[in-house]
Protein chains: 2
Amino acid sequence: MVAERAGTSVATVSLVANGKDAGHVSAQNAERVRQAIAELGYVADHAARALASGSSNLVVFVTPDASNPYFGAVIRGLRAGLGDAYQLLVSVTGEGDVPTAAALGRLAALRPAGVVVDAPSEAFLEELRLDTALVLLDAPRLPTTTAEAASGAVAADRRAVSVDFDLLGGVRALLDHLHVLGHRQLGYLGGRTATDTFLLRRLLLEREAAVRGMRVHADDRAESIIDLEAAAAAFVDSWPRWRDAGVTALVCATDTHAYGVLQSARAMGMPVPGELAVVGFDDLASSVVSDPPLTSVRLPGEALGRAGAEQLLARIEGRTVAPAPVIGADLVIRASTIGR
Amino acid sequence: MVAERAGTSVATVSLVANGKDAGHVSAQNAERVRQAIAELGYVADHAARALASGSSNLVVFVTPDASNPYFGAVIRGLRAGLGDAYQLLVSVTGEGDVPTAAALGRLAALRPAGVVVDAPSEAFLEELRLDTALVLLDAPRLPTTTAEAASGAVAADRRAVSVDFDLLGGVRALLDHLHVLGHRQLGYLGGRTATDTFLLRRLLLEREAAVRGMRVHADDRAESIIDLEAAAAAFVDSWPRWRDAGVTALVCATDTHAYGVLQSARAMGMPVPGELAVVGFDDLASSVVSDPPLTSVRLPGEALGRAGAEQLLARIEGRTVAPAPVIGADLVIRASTIGR
DNA sequence: CTGAAAGCGCTTACAG
DNA sequence: CTGAAAGCGCTTACAG
């Protein structure tokens, strides 16, 4: 430990460097140590510190996909919420993949102070055996019984906290909007990841549509990863079935999926919303300049990240904290449903 | 080390776990150790391993912004190129910010096997004092002398390798395209980060435009972070000056900037490309569904990431490797310059 | 081929 | 208030 150039012992330096000098180190020595640290640009070796103390100031964010701007917003929120005390590092899983046990083991080996996981699946959570603070984002419990499904209430028996969007509110606003416009047969283009939030979007859509005398046509072929081209292809594949079923409005798992639909629709000469109204989830920034501009359920990723960071900090520091708020999900209406 | 349940010594386990058992451990023992490891799901503690061996299997990717889908593509390429041997973790700097010395120190404390930095500035590189393998992406050297500026050649005296795009080729294709269409006065909406690639885009544009008898109007007010709204505002601010200068075509530092321009242009009732042709860099997926679809210099982020990973692996493992290829940057022509 | 031992750079009780 | 010492969980020469 080079910084003992301050003329004190290693222990004293360690104390000061970790801000634990209150009432342990004289103000004079503390000051000299701080100077020495500043002069040498000293940073405690992460490995040694983690090994000795059994923890670190690392927070790992596990996200299934980084190419969706939505995740950029979440990261921004996390960074803002975490502040300077913790260093955020992002672990990106392959597109459409769920983190594996092996990948998790390697993350655990880093001994992070906390882990944040976005849009996991139930299977992933089963497998998760982390002894660090953990917060889930957009990880709604799926209803497991028909009673639950009917009531919308879900047993809250999960190990980790989850900060969630008000998907139900968003779906209701969406369906009310489409209902007023006269749509009764809807299609759903899903996200092909083992992610529960996509599944829930579909379930909520089906349940709430039924209440309104509408019908949702969804199946396992009508889905793709979060990628414009993949979504465009999935739409081309599914459209004949939807058309035959009389579908006049299509709900997409994300805006990126919706972009793919817009592209295919244009290629097929299909007017949007004339022949098919299109809606997405996310409300990406670019949805205001798409052709046509996209109606979308806005999912404020930054607010989600910020709330997630708060929950995580409380857990890391052993504080109790108010339960995470449900992040509002408003419908933003644009020309892809109402025309110009 | 729990895995000595295999009935061998700690050292033997360590050897096997690290694949260094060739000719050191009997096949029988090696097998027993492997079994024990598998059964216990053992993963060597990263901190202890890094501390003892002085290195790790961690690769850190430093990127200035995660909300641009372009970076998602780079990450995909890096992951693919790195394979399973190294774990990729992404460190996201604030939008428009450059990593600070402190942030770098904390990264160094992680003792990564390698570091990859996207779109750094020269100042950042000066400050960089890393003793690990380092590869730069999209970090072209700026011409520092007028002779260099004139020739386009730049002294290759940099500490780290850089994998770059053929920005010059892209700029030339772009200008030829605009020239044929009759544009002579161009605007440039820049990226407000201390990132050299944005600066170089502007320099190349100015130099190549001059050769073609065109003029580029660029200044320090005409720039914004990579954010649609920010770019839209910057455009509104700059448009009067450009209009007075007779600008008929606008080149944007990224597609995201261009989206902002499209939004403002629509709000101002300005036909694109009728009154103003618009071009971006990146060719994001959503540029095919923007209104109008965007002409853009395609920057293949995935190829860049893959090439970067190759260079990094060679450096980590002490191999020599062919110099990184220059990644081609083609012009993709769409309606934002040629109309429908 | 195998095991006992030193050491990586810190933190944290514990004496002084 | 301060320093000497043990120990975090590994890896790596080094004897055997």
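Throughout, protein chains are lettered first and strands after them, A, B, ... in sequence-line order, and every chain is numbered starting at 1.
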Whole angstrom value for the distance that separates P of C:dC10 from OH of A:Tyr42: 3 Å

Rounded interatomic separation in angstrom, taking CG from B:Asp21 and P from C:dG3: 14 Å

C:dT12 OP1/OP2 closer than 4.0 Å to side-chain N/O of A:Lys20: yes

Nearest-angstrom distance from the residue atom CZ of A:Arg111 to P of D:dC8: 10 Å

Whole angstrom value for the distance that separates C1' of C:dG16 from NE2 of A:His24: 16 Å

Trace of the side chain to side chain contact (heavy atoms under 4.5 Å, CB included) decision for B:Val90 with B:Thr63: CA-CA 7 Å; B:Val90 182; B:Thr63 171; 3.6 Å; yes

Euclidean distance, atom CG of residue A:Asp45 to atom C1' of C:dC10 [Å, nearest integer]: 8 Å

Rounded distance (Å) that lies between atom C1' of C:dT12 and atom CG of A:Leu15: 9 Å

Donor-acceptor pair, side chain of B:Asp164 and main chain of B:Ala139, under 3.5 angstrom: yes

Residue whose nearest DNA chain C nucleotide is more 5′ - B:Ala52 or B:Thr12: B:Thr12

D:dT2 phosphate, OP1 or OP2, under 4.0 Å from A:Ser26 side-chain N/O: yes

Secondary-structure stems for DNA chain D, with pairs counted as Watson-Crick or G-U when both distances are under 3.5 Å and runs at least 3 long: C:1-3 with D:14-16, C:5-12 with D:5-12, C:14-16 with D:1-3

Under 3.5 Å side-chain donor-acceptor pair for B:Thr8 and B:Asn29: no

Nearest non-hydrogen partners of A:Pro112 and A:Thr132, listed with the distance: O-CG2, 2.9 Å

Position toward the 5' end of DNA chain C (nearest nucleotide), B:Ala27 or A:Ser53: B:Ala27

OP1 or OP2 of C:dT2 under 4.0 Å from side-chain N/O of B:Asn29: yes

Euclidean distance, atom CG of residue B:Leu110 to atom P of C:dG9 [Å, nearest integer]: 16 Å

Residue from A:Val62, A:Val116, A:Val117 passing side-chain contact (heavy atoms from CB on, under 4.5 Å) with A:Leu134: A:Val117

CA sep, side-chain torsions, deciding dist, call: A:Arg315, A:Val135, side chain to side chain contact (heavy atoms under 4.5 Å, CB included): CA-CA 9 Å; A:Arg315 248 145 279 265; A:Val135 166; 4.2 Å; yes

Whole angstrom value for the distance that separates C1' of C:dA6 from CG of B:Leu51: 13 Å

Minimum-distance pair of heavy atoms, taken over all atoms of A:Val326 and A:Phe165: CG1-C, 3.8 Å

Options C:dT11, C:dT2, D:dC10, nucleotide nearest the side-chain atoms of A:Asn18: C:dT11

